[in-house]
Amino acid sequence: GKEVIIKPLQPQAKQVMWKAHDATVMAVDWNSVNNLIVTGGEDRKYKVWDSFGRNLYVSKALEFTVTSVAWSWNGELFAVGLYN
């Protein structure tokens, strides 16, 4: 789907959900150091979010679908992979 859902392990806690992309979300990675989430989608964009679903950055549309994203261990960088 086009949404990202954060589902807590505690049954009484509320899940957080937001529309992340204009097409299917293909990849998600959450960094525990900076508490940020990076997503990639079939809309050919990657985006950075805080843990509440607030958008912090949107890339321009790239040439191909974003199929993978990954944070570095320290949260200073992330990588984006495309599929052509």
Side-chain angles (χ1 to χ4, degrees):
K2 300 175 185 178
E3 295 82 24
V4 169
I5 301 170
I6 299 174
K7 190 167 181 145
L9 296 174
Q10 301 84 7
Q12 69 278 12
K14 206 162 128 182
Q15 72 180 20
V16 178
M17 180 173 92
W18 67 91
K19 181 183 177 203
H21 288 269
D22 294 327
T24 302
V25 175
M26 300 295 290
V28 178
D29 193 28
W30 191 341
N31 185 275
S32 61
V33 174
N34 62 23
N35 206 30
L36 296 178
I37 300 163
V38 62
T39 61
E42 281 189 333
D43 59 2
R44 302 178 300 147
K45 296 177 184 177
Y46 60 89
K47 301 181 181 187
V48 178
W49 312 86
D50 68 13
S51 60
F52 300 101
R54 293 182 293 228
N55 187 246
L56 304 175
Y57 178 80
V58 179
S59 73
K60 64 179 180 141
L62 303 173
E63 191 175 356
F64 302 106
T65 296
V66 176
T67 56
S68 61
V69 292
W71 282 103
S72 63
W73 66 273
N74 61 6
E76 292 183 14
L77 303 169
F78 60 85
V80 176
L82 310 177
Y83 177 76
N84 59 356

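All heavy atoms count here, side chains included; hydrogens, waters and symmetry mates do not.
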Distance in Å, Ser32 OG paired with Trp73 CH2, rounded so as to fall on 0.5 Å steps: 11.0 Å
Residue from Asp50, Ile6, Val69 passing side chain to side chain contact (heavy atoms under 4.5 Å, CB included) with Ile37: Ile6
Output all residues satisfying side-chain hydrogen bond (donor to acceptor under 3.5 Å, both in side chains) with Trp30, sequence neighbours left out; order by chain, then residue number. Asn35
Measure the spacing between OG1 of Thr24 and CD of Glu3 and express it to the nearest 0.5 Å. 9.5 Å
List for me each residue that meets side-chain contact (heavy atoms from CB on, under 4.5 Å) alongside Gln15, sequence neighbours excluded, and say none if there are none. Ile5, Lys7, Pro8
Do Tyr46 and Val4 land in one hydrophobic cluster if side-chain heavy atoms of ILVMFWY residues count as linked below 4.5 Å? no
Partner set under side-chain contact (heavy atoms from CB on, under 4.5 Å) for Asp43, not counting sequence neighbours: His21, Asp22, Ala23, Lys45, Lys47
Same cluster or not: are Val48 and Val28 linked, directly or through other Ile, Leu, Val, Met, Phe, Trp or Tyr residues, by side-chain heavy atoms under 4.5 angstrom apart? no
Is the Trp18 ring parallel, tilted or perpendicular to the Trp49 ring (thresholds 30°, 60°)? tilted
Is any side-chain heavy atom of Asn31 closer than 4.5 Å to one of Leu36? no
Taking atom CZ of Phe64 and atom CG of Asn84, what is their separation to the nearest 0.5 Å? 4.0 Å
Between Trp71 and Asn34, is any pair of side-chain heavy atoms under 4.5 Å apart? yes
Check whether Met26 and Leu82 end up in the same hydrophobic cluster, where Ile, Leu, Val, Met, Phe, Trp and Tyr are linked by side-chain heavy atoms less than 4.5 Å apart. no
Group every Ile, Leu, Val, Met, Phe, Trp and Tyr by side-chain heavy-atom contacts under 4.5 Å, then state whether Val25 and Met17 land in the same group. no
